[in-house]
Amino acid sequence: MVSGFLRAGLGLLNMAKPKVIFVLGAPGAGKGTQCQKIVDRFGYMHLSAGDLLREERAKPDSQYGELIESYIQEGKIVPVEITCSLLESAMKKSGKDKFLIDGFPRNQNNLEGWNKAVAQNVNLLFVLFFECPREACVERCLGRGAAGSGRSDDNMQSLQKRFNTYITETQPIIKYYEERNLVRTIDANTSPDEVFEEVKKVFENFEAGGDF
Ligand code: UDP
Ligand code: MG
């Protein structure tokens, strides 16, 4: 039996851990757009795994630059050791205590690496899942590419690969968290403001301690 004192202690320990929300969804589902709105409204720190990898790739002295670029263009998932260490150091450097981790974990290797190295040190609140049909997502990514996103993977060839990876590797991860009752699904096939109305409900409900 756990004594009241011990339980309070464990509670405190738990409170001291940084809070994490994973944000998942197909390429172009709107993860980055919505994360920015969540930051503005609810004060989380946004860490996009893809952005961190692109930043690392851009460093002239990075030993992983070429590897990252080839994985990104091929729509493949970079080995977890690289992504996890970028995420961990960004978390530490920020000095913040609540994070949106966007676009991670995306496959079994990501999940295992995270569970082994980081999971016990953070408090995973839930997984926000943006659900959006493939056609809409492709249109958004191609639009983003045409508008000058500068991303080497916003083209039809990379997009097909990214979608294959999403379906075969990321969807099982969403299922893994669904089985643990951690997934909050949002219909992302409407305008950014309409989607955010749904997102707000999830956060407000969570902050109110709603059943969840
Ligand atoms: N990526 C990765 N591991 C991650 C996140 C991203 O390897 O944890 C790579 C992967 O190749 C992916 C690309 O970065 O296709 C772009 O990811 P991002 O999340 O920026 O794209 P989005 O899904 O938001 O369009
Ligand atoms: Mg993104």
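Just follow the structure's listing: the first ligand is 1, and inside any ligand the first atom is 1.
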Legend entry - Side chain proximity check, Pro18 to Asn121, heavy atoms < 4.5 angstrom: no

Inset, instruction - Measure the distances from the heavy atoms of Gly32 to every atom of ligand 1 and state whether one is below 4.0 angstrom. - result: no

Inset, instruction - For the pair Lys201 and Glu198, find out whether any cationic side-chain nitrogen is under 4.0 Å from an anionic carboxylate oxygen. - result: yes

Inset, instruction - Consider ligand 1: state whether an atom of it lies below 4.0 angstrom from any non-hydrogen atom of Arg144. - result: yes

Inset, instruction - Please state whether the rings of Phe42 and Phe203 are parallel, tilted or perpendicular, taking 30° and 60° as the class boundaries. - result: parallel

Inset, instruction - Decide whether the shortest distance between a heavy atom of Arg151 and an atom of ligand 1 is less than 4.0 Å. - result: yes

Legend entry - Which residue and heavy atom of the protein sit nearest atom 25 (O) of ligand 1, plus the separation: Arg162 NH2, 2.7 Å

Inset, instruction - Would you check if Phe129 and Ile186 make a side-chain contact, meaning some heavy-atom pair closer than 4.5 Å? - result: no

Legend entry - Stacked cation flag Lys76 on Tyr71, 6.0 angstrom / 45 deg: yes

Legend entry - Close side-chain approach of Tyr177 to Pro105, heavy-atom, < 4.5 Å: yes

Legend entry - Within-4.5 Å side-chain heavy-atom neighbours: Met156 and Leu142: yes

Legend entry - Partner residues of Gln108 under the side chain to side chain donor-acceptor pair (under 3.5 Å) criterion, sequence neighbours left out: Glu112

Inset, instruction - Could you check atom 14 (O) of ligand 1 against the protein and tell me its nearest heavy-atom contact, residue, atom and distance included? - result: Ile72 CG1, 3.6 Å

Legend entry - atom 7 (O) of ligand 1: nearest protein contact (heavy atom, Å): Val78 N, 2.7 Å

Legend entry - Atom indices of ligand 1 within 4.0 angstrom of Asn110 heavy atoms, with elements: 8 (O)

Inset, instruction - Give the atoms of ligand 1, by number and element, whose distance to some non-hydrogen atom of Gly28 is under 4.0 Å. - result: 25 (O)

Inset, instruction - Among all protein heavy atoms, pick out the one at the shortest distance from atom 17 (O) of ligand 1; state its residue, atom name and that distance to 0.1 Å. - result: Arg106 NH2, 3.5 Å

Inset, instruction - Would you check if Ile167 and Arg134 make a side-chain contact, meaning some heavy-atom pair closer than 4.5 Å? - result: yes

Legend entry - Sub-4.0 Å atoms of ligand 1 with respect to non-hydrogen atoms of Gly103: 4 (C), 5 (C), 8 (O)

Legend entry - Nitrogen or oxygen atoms of Lys31 and ligand 1 under 3.5 Å apart: yes

Inset, instruction - Under 4.0 Å from a heavy atom of Thr83: give me the atoms of ligand 1 that qualify, with their elements. - result: 8 (O)

Legend entry - Heavy-atom nearest neighbour of atom 1 (N) of ligand 1 within options Asp153, Leu159, Leu53: Leu53

Legend entry - Closest protein heavy atom (residue, atom, distance) for atom 10 (C) of ligand 1: Lys76 O, 3.3 Å

Inset, instruction - Quickly, which of Phe99, Phe126, Trp114, Phe130 forms a ring pair (Phe, Tyr, Trp, His ring centres under 6.0 Å) with Phe22? Name it, please. - result: Trp114

Legend entry - Ring-face cation of Arg180 near Tyr176 (centre distance under 6.0 Å, axis angle within 45°): yes

Legend entry - Numbered atoms and elements of ligand 1 in range of Phe104, under 4.0 angstrom, heavy atoms: 8 (O)

Inset, instruction - List every atom of ligand 1 that sits less than 4.0 Å from any heavy atom of Ala49, numbering the atoms from 1 in the order shown and giving each element. - result: 4 (C), 5 (C), 8 (O)

Inset, instruction - Look at ligand 1 and say whether Arg54 reaches it with a heavy atom at a distance under 4.0 Å. - result: yes

Inset, instruction - Pull out every atom of ligand 1 sitting under 4.0 Å from any heavy atom of Ile77, numbered as shown with elements. - result: 3 (N), 7 (O)

